[in-house]
Number of protein chains: 2
Amino acid sequence: MAKMGRPRTFDRQKAVVQAMHLFWEHGYEMTSLSQLKANIGGGISTPSFYAAFGSKEELFNEAVQCYLETYACVTDSLWDDEIPPRDAVELALRRSTKMQCESGHPKGCMVSLGTMSAPTPELTHVVEPLTASRSRTLQGFVRCVERAIAMGELSKKANARSIGIAFNSFLLGVSILARDGVEASDLDASITELMKLWDIEVCQPK
Amino acid sequence: MAKMGRPRTFDRQKAVVQAMHLFWEHGYEMTSLSQLKANIGGGISTPSFYAAFGSKEELFNEAVQCYLETYACVTDSLWDDEIPPRDAVELALRRSTKMQCESGHPKGCMVSLGTMSAPTPELTHVVEPLTASRSRTLQGFVRCVERAIAMGELSKKANARSIGIAFNSFLLGVSILARDGVEASDLDASITELMKLWDIEVCQPK
DNA sequence: TGACTTATAGACTACTCGATACATAAGTTC
DNA sequence: GAACTTATGTATCGAGTAGTCTATAAGTCA
């Protein structure tokens, strides 16, 4: 049975993607309803917007969900136990950096740059999924180091949390550098340097 | 000769510092005139604000200048040729991280977090001093690595720009981690790990 | 055909934004 | 004292914010 009532003049899923790009670029608060309406299916009216999405906040949540299910997957290797931990870390860094510098969408990572998106305490909950995702990624890096220690690849003396924070902090910084226009090749080369941090912790053969 | 006219009811320099803290926390756009007025000397009126500072943008510029001349000095070691380059890098990282986690002002670095402060192209110039400062800091890190190579401390094969980007990206990430509530001690420990990146590039004695 | 359902368009609400006009208050200088 | 200078308070501006009301258009179902 087909849907009843007057059909929508725009593609709802495409609209969520367009909204995601706007929120990604400008943050939650700085993306206005006018911008969103203007960029959805060649422009829609206010009631159409509210009928389709409920509110700005609900659309933001959908956009974040969409981001997490697509672009954010570049760091999935951090939780893949099939991949050797060193490769998992390097893959996450290289894939994420490459994604953040791609054309066709805003530079940087929506999750990282979302720190400033809701500067007032009342709006903290809006941006909570982003905070949670950052926390999860940090845990992912730490987890890989822990796995390497458990496997005997890294020394038992290695500080998993400190090393994990180092990799994670580097990756967060990439968002800002990508926004500032640093070339993807430069960032990729700096990952090669950063990975030496791993190699220096490797257990020396006796 | 004392100043003519009715005296101001608030301390202008203190007001700039208070404004700096607000801009630091919320960014340029998300800091409203109401907030600024309310937080200056127990509350001032609109005309008093404009008489004293000209406009929101001019006050922001003053606040940025104030930041650069005070808090931002934590990375000054990067341009101090009296300090051995490795120490200069480590000092900049540790001092900046410590400052970013201090209480008494917003967490993170105003310069780093200012990326998102002016999301529209028309406002890019407002935030230009912050962009310039980020670029300068990156150059500072690269410069230290170059100095170490010239001194023979680091291998001639070392890629100064890549290594500099790695240190700089880490430090940019610290702003986001500090906002997210990561402990200063954890960040400091991760600096210890990161500095191994330097040591691995050191010329091996033959 | 007519009842039902959903989306649309235009007008409008209450509020906040940054910024200004005008009259007045509070000082210094002569 | 009067003239001058600067800051202040009240009241307001036009624009933009998120969101709502009412009526109508455009479909499906019986």
Side-chain angles (χ1 to χ4, degrees), chain A residues 1-16 18-19 22-23 25-63 117-127, chain B residues 1-16 18-19 22-23 25-63 117-127:
Chain A
M1 182 169 82
K3 267 187 264 178
M4 274 198 297
R6 181 170 175 174
R8 220 173 246 125
T9 59
F10 60 93
D11 184 322
R12 198 182 181 284
Q13 189 48 38
K14 280 185 188 169
V16 171
Q18 289 168 309
L22 284 171
F23 284 128
E25 182 156 19
H26 303 119
Y28 174 70
E29 285 263 70
M30 288 311 301
T31 307
S32 71
L33 230 60
S34 316
Q35 281 180 285
L36 290 164
K37 280 155 47 190
N39 282 279
I40 286 174
I44 62 168
S45 68
T46 318
S48 296
F49 178 90
Y50 283 93
F53 307 111
S55 70
K56 182 182 176 182
E57 184 174 336
E58 288 176 61
L59 176 56
F60 179 74
N61 284 331
E62 279 196 59
S117 276
T120 48
E122 311 102 56
L123 284 160
T124 310
H125 78 279
V126 177
V127 133
Chain B
M1 182 170 82
K3 265 188 267 181
M4 275 197 297
R6 180 170 176 174
R8 220 173 247 126
T9 59
F10 59 94
D11 183 322
R12 198 181 181 285
Q13 189 49 39
K14 280 185 188 170
V16 172
Q18 288 168 310
L22 284 171
F23 284 128
E25 183 156 18
H26 306 296
Y28 174 70
E29 285 263 71
M30 287 312 302
T31 306
S32 70
L33 259 157
S34 315
Q35 281 179 286
L36 291 164
K37 279 155 48 189
N39 282 277
I40 287 174
I44 62 168
S45 68
T46 317
S48 296
F49 178 90
Y50 283 93
F53 306 110
S55 70
K56 181 183 176 182
E57 183 175 337
E58 288 176 60
L59 176 56
F60 179 75
N61 284 330
E62 279 196 59
S117 275
T120 48
E122 310 101 58
L123 284 160
T124 309
H125 78 280
V126 177
V127 132

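All values below come from the heavy atoms of this structure, side chains included, with hydrogens, waters and symmetry mates left out. Quick note on labels: first sequence line is chain A, next is B, and so on, each numbered from 1.
Using a 4.0 Å heavy-atom criterion, one finds that A:F10 contacts the sugar-phosphate atoms exclusively. A:T9 comes within 4.0 angstrom of the backbone, heavy atoms only, and of no base. Note on B:P47: a base of the nucleic acid sits closer than 4.0 angstrom, heavy atoms only.
B:Y50 contributes atom OH, which lies 11.5 Å from atom OG of B:S45 (distance to the nearest 0.5 angstrom). Rounded to the nearest 0.5 Å, atoms CG (B:L33) and CZ (B:F49) are 4.5 Å apart. B:Y28 OH to B:L123 CG: the interatomic distance, rounded to the nearest 0.5 Å, is 6.0 Å. Taking CZ of B:R12 as the start and CD of B:E62 as the end, the distance is 4.0 Å to the nearest 0.5 Å.
For the pair A:S45 and B:K56, both in contact range of DNA chain C, the more 5′-proximal nearest nucleotide belongs to A:S45.
With hydrogens and angles ignored, no donor-acceptor pair closer than 3.5 Å exists between the side chain of B:R8 and the base of D:dA7.
Here the closest heavy-atom approach between residue A:G27 and residue A:S117 is recorded as CA-OG, 3.1 Å. A:K56 and A:E29 make their closest contact through NZ-O, 3.4 Å (heavy atoms, listed as atom of the first residue, atom of the second, distance). In plain terms, the two heavy atoms of A:A19 and A:A63 that are nearest each other are C-CB, 4.5 Å.
Scanning residues 28-41 of chain B for heavy-atom distances under 4.0 Å to DNA chain C yields B:T31, B:S32, B:L33, B:S34.
When the P atom of D:dG19 is taken as reference, atom CD1 of A:I44 falls 13 Å away, rounded to whole Å. Look at CG on A:L22: it is 12 Å from P on D:dA18, rounded to the nearest Å. Following rounding to the nearest Å, B:Y50 (OH) and C:dG18 (P) show an atom-to-atom distance of 7 Å. Rounded to a whole Å, the CD atom of B:E58 is 13 Å from the C1' atom of C:dG18. Regarding A:F49, its CZ atom lies at a distance of 18 Å from the C1' atom of C:dT6, rounded to whole Å. In this entry the distance linking CZ of B:F53 with C1' of C:dA19 reads 15 Å, nearest Å. Atom CZ in A:R6 sits about 14 Å away from atom C1' in D:dT28, given to the nearest Å.
Between A:T46 and D:dG19, a side-chain N or O to OP1/OP2 separation shorter than 4.0 Å is absent.
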